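Take a look at the following structure, please.
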2 protein chains.
Amino acid sequence: MARPRKPLLSRERIVETASALVDAEGLDAVSTRRLAAELGVSGPSLYNHFRNKDEILDAVADAVSARVDLSMFDEDDDRDWRTALHDWAVSYRAALSAHPNTVPVLARGPGRRPAGLKVADAVFGAMVRAGWPPAQATRIGALMRYFITGSALGSFARGFVDDATAYDPADYPHLGQAHLLADRQEQVDQGAFETGLEALLDGLALQYGTVRHGATLRSTPKRP
Amino acid sequence: MARPRKPLLSRERIVETASALVDAEGLDAVSTRRLAAELGVSGPSLYNHFRNKDEILDAVADAVSARVDLSMFDEDDDRDWRTALHDWAVSYRAALSAHPNTVPVLARGPGRRPAGLKVADAVFGAMVRAGWPPAQATRIGALMRYFITGSALGSFARGFVDDATAYDPADYPHLGQAHLLADRQEQVDQGAFETGLEALLDGLALQYGTVRHGATLRSTPKRP
DNA sequence: ACCTGAACACCGTTCAAGT
DNA sequence: ACCTGAACACCGTTCAAGT
């Protein structure tokens, strides 16, 4: 066969196929050989388009970051910082939940992934514009990421096993119903995320008041 | 050689050696063959003590969970729920930071790991005792885990590359100093963790007030 | 019971060879 | 430039054989 007149592969096609494979069968299912087979080529062909497997997975993860809504951080958007942060967090979590298998890659940090960096940049810029001191703006970007990726990665409920005998009441007196968590995993995680997000924003609003007394109207968060 | 009169291996020795290997060279360095070589045996020997490699890594991760202080959740400890939650979070994060390479395993959830389950059990029990409704106590355990593991896993600062040319100001107008983050990573992550933890606890305290008016003195959080 | 070597079905990546 | 097969140095796990 050798070189075809029209390339068989492209970065886009590789990322698309890899994403589908990750979504369907998990990160471990992606081997260069398996992915190549899925694409109808031989394993080493991939190395004409990516330096190594990690770069492929980074691109897959970045495609998820690219789907996070950032419009709330636009300069001419009129949401206050609290609402913007809230809406962003919800959108971020939704993007991750849609592709849970990619979260371990995303959680490593933005690194050199362009979309991941764009997210970090947008949050930081908007917080500074809202009146947060730069050092605090950096912290807010970080701590929100902790919470959001943590919630997508370590799905609390899914972490328990759906097996009544796994949790001996003698060992874990308060986990009597833990095996039921596997059932309502979606709801528990959703509820914990919402509770945590509200608490986080309430707490930040409190700090905002003490850090900055002369906040403009636009920057002032309104509590619901 | 075959079977020696005194066993060459034990679960403890395997976990110890695996932990050291994970700490020193990361999760990827642990292959059954490499680990066995480190222990002076052949690869398949490990299967006499663990069902598979994942069980070994689970045990390594659980050893980290076992080092998390839970004394603040004892029935006769006199810390209020806010202080207890705070002290626990700090201790939890310290345990994870001491063994950052194990965090991806821990973040999967407690599963069947005894120490991980003991942690979940203790938090839940203490929150219920402090007057939180059970559903909220579950959520608190989950959201705290999100934040803590998220902060240990996705070290925000380490996620950036220490390379001034990596972040073009045209693409990321607010990330001018991002490459410096790699330098002060420890401080940034520490600061973000503390800021986030305070915000989270402040927010929860606010909720506690509305959820439960008749809180006892012992359960009432005092804001610093 | 607990270890061994051999074997199976895989890996990621490099590289010379082909067009 | 872009694909191939062959090759290298690995994997996790099973299993019969040894004591």
Side-chain angles (χ1 to χ4, degrees), chain A residues 1-62 101-102 104-105 108 111-113, chain B residues 1-62 101-102 104-105 108 111-113:
Chain A
M1 214 180 278
R3 176 161 116 94
R5 4 178 52 247
K6 230 215 153 229
L8 298 172
L9 294 177
S10 67
R11 287 178 66 96
E12 292 71 38
R13 219 164 77 74
I14 293 171
V15 172
E16 266 171 41
T17 308
S19 295
L21 197 50
V22 169
D23 283 344
E25 304 188 36
L27 275 176
D28 290 344
V30 182
S31 74
T32 56
R33 289 165 144 100
R34 169 81 190 276
L35 176 56
E38 216 90 24
L39 286 158
V41 298
S42 81
S45 305
L46 300 170
Y47 291 83
N48 287 299
H49 304 269
F50 288 93
R51 245 196 296 275
N52 51 42
K53 186 185 158 179
D54 263 6
E55 268 196 8
I56 299 177
L57 293 179
D58 271 347
V60 169
D62 213 37
N101 296 335
T102 67
V105 181
R108 285 182 210 153
R112 293 173 182 276
R113 292 183 285 100
Chain B
M1 211 179 278
R3 176 162 116 92
R5 10 192 27 258
K6 229 213 155 230
L8 297 173
L9 294 177
S10 67
R11 287 178 67 96
E12 292 71 38
R13 217 163 79 74
I14 293 171
V15 172
E16 268 171 40
T17 308
S19 295
L21 197 50
V22 169
D23 283 344
E25 304 187 36
L27 274 177
D28 290 344
V30 182
S31 74
T32 55
R33 288 164 144 101
R34 169 79 191 278
L35 176 57
E38 215 91 25
L39 286 158
V41 298
S42 81
S45 306
L46 300 171
Y47 291 83
N48 286 300
H49 303 271
F50 288 93
R51 245 195 296 273
N52 52 41
K53 186 185 161 180
D54 263 6
E55 267 195 9
I56 299 177
L57 293 179
D58 271 347
V60 168
D62 212 38
N101 295 335
T102 68
V105 181
R108 285 181 211 153
R112 294 174 183 276
R113 293 183 285 99

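This structure is a prediction, so every number in the text was calculated from the model and none was measured. Chain letters run A, B, ... following the sequence lines, proteins first, then strands; residues in each count from 1. Below, each value reflects all heavy atoms present in this structure, side chains not excepted, and no hydrogens, waters or symmetry copies.
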Taking only side-chain N and O atoms of A/S42, does any of them lie within less than 4.0 angstrom of OP1 or OP2 on D/dT4? yes
Determine the interatomic distance between P on D/dA9 and the same-named atom on C/dA9; round to the nearest Å. 23 Å
What is the distance, to the nearest angstrom, from the CD1 atom on A/I14 to the P atom on D/dC2?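 The answer, rounded to whole Å, is 11 Å.
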Looking at A/H49, I'd like to know whether one of its side-chain N or O atoms comes within less than 4.0 Å of OP1 or OP2 on D/dC3.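 Indeed, a polar side-chain atom of A/H49 lies that close.
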Tightest non-hydrogen contact, residues A/V30 and A/K53, listed as O-NZ, 2.9 Å
Between P on C/dG12 and CZ on A/R34, what's the gap in Å once rounded to a whole number?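 Rounded to the whole Å, the gap is 12 Å.
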Output yes when a side-chain donor or acceptor of A/N52 lies under 3.5 Å from a complementary backbone atom of A/E55, and no otherwise.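 Such a contact is found between A/N52 side chain and A/E55 backbone.
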Would you tell me if any nitrogen or oxygen in the side chain of B/S31 comes within less than 4.0 Å of OP1 or OP2 on D/dC11?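 Answer is yes, contact under 4.0 Å.
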To the nearest angstrom, the CG-C1' distance between B/N48 and D/dT19 comes to 13 Å
Looking at A/R13 and A/L8, would you say the former's side chain and the latter's main chain have a donor-acceptor pair under 3.5 Å?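 Pair found, side chain donor or acceptor close to backbone of A/L8.
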What's the spacing between A/T32 OG1 and A/L46 CG if we round to 0.5 Å? 6.5 Å
Rounded to the nearest Å, what distance is computed from the CZ atom of residue A/R5 to the P atom of nucleotide C/dG18? 21 Å
What is the distance, rounded to the nearest whole Å, between atom CG of A/L8 and atom C1' of D/dA1?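 That distance rounds to 12 Å.
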Hey, could you give me the CD1/OG distance between A/I56 and A/S19, rounded to the nearest 0.5 Å?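 These two atoms lie 10.5 Å from each other.
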Where the side chain of A/N48 meets the backbone of A/S45, is there a donor-acceptor pair that is under 3.5 Å apart?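 Yes, the answer is positive, given that a donor and an acceptor are paired below the 3.5 Å cut-off.
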Atom CG of B/L57 and atom C1' of D/dG12: how far apart are they, to the nearest Å? 12 Å
Just to verify, what does A/E12 make a salt bridge (charged side-chain N to carboxylate O under 4.0 Å, His left out) with, not counting sequence neighbours?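 A/E12 satisfies salt bridge (charged side-chain N to carboxylate O under 4.0 Å, His left out) with no other residue.
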Rounded to whole angstroms, how far apart are CZ on A/F50 and C1' on C/dG12?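 After rounding, the gap between these two atoms is 16 Å.
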If you write DNA chain C from 5' to 3' in dot-bracket form, with Watson-Crick or G-U pairs under 3.5 Å, [ ] for crossing pairs and | for pairs with another strand, what do you get? ||.|||||...|||||.||
Below 3.5 Å is the cut-off: list the nitrogen or oxygen pairs between protein and nucleotides 13-16 of chain D, distance only.
| from | atom 1 | to | atom 2 | distance (Å) |
| --- | --- | --- | --- | --- |
| D/dT13 | OP2 | B/Y47 | OH | 2.6 |
| D/dT13 | OP2 | B/K53 | N | 2.9 |
| D/dT13 | O5' | B/Y47 | OH | 3.1 |

Value in whole Å for how far the C1' atom of C/dG12 lies from CG of A/D28: 14 Å
Side-chain donor or acceptor of B/R11 paired with backbone N/O of B/F50 under 3.5 Å: no
Provide the closest heavy-atom pair for A/V105 versus A/L57 in the form atom of the first, atom of the second, distance.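 Taking every non-hydrogen atom into account, CG1-O, 3.8 Å.
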